[in-house]
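Computed from a predicted structure; not experimentally measured. Just the heavy atoms: all of them, side chains too, but no hydrogens, waters or symmetry mates, feed the values below.
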Amino acid sequence: MTIEPTTGDFLVVRNYVSSSSIDIYRIARATGASSSFSVSTSDLGSSATGTTGNWGIAYNPENNHLFLPDSATDKVYEVIPNLLISPRS
C-alpha cells in the first residue's frame with residue numbers, strides 16, 4: 001500500500017495474480033469510494049508470467065508513475081495506470 005500525497009488517497013495492489021492481470025485499487029481518503037485498474041502480466045514480459053503474486057507498490061508523485069516490485073522475479077516494473085513504461089532489474 002502507498003499513499004498519493006496530494007489527495008491522501010490509498011493505492012493498494014491485490015496480492016493475488018489471476019492468470020492474466022494484477023489489480024490495483026485507489027481508495028479515496030475523503031469518501032472511501034474505490035476504483036481499480038489492471039495491469040496485464042503479458043505486458044510485463046515473460047518473467048512476470050507464473051509469478052507467485054507477492055507484489056508491492058510504490059508511487060512517485062512527481063510523474064504519477066507506479067512501481068510494482070515482484071519478489072518472485074527480483075524485478076521492479078514502472079507503470080503509468082494502464083500503460084507499462086519499462087521493467088527494471
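Contact between I57 and L11 at its shortest, heavy atoms only, is CG2-O, 3.8 Å.
Atoms CD and CG, from E78 and L68 in turn, are 10.0 Å apart once rounded to the nearest 0.5 Å. With rounding to the nearest 0.5 angstrom, the OG1 atom of T2 is 11.0 Å from the CZ atom of F67.
In this structure I27 satisfies the side chain to side chain contact (heavy atoms under 4.5 Å, CB included) test together with F10, V12, S34, sequence neighbours excluded. Remark: P61 pairs with P5, Y59 by the side chain to side chain contact (heavy atoms under 4.5 Å, CB included) rule, at least two apart or across chains. Residues forming a side chain to side chain donor-acceptor pair (under 3.5 Å) with R26 (at least two apart in sequence, or on another chain): D9. With sequence neighbours excluded, the residues that form a side chain to side chain contact (heavy atoms under 4.5 Å, CB included) with T6 are E4.
Grouping Ile, Leu, Val, Met, Phe, Trp and Tyr by side-chain contacts under 4.5 Å, direct or through others, leaves Y25 on its own.
Side chain to side chain, S36 and D23 fail the donor-acceptor criterion of an N or O pair below 3.5 Å.
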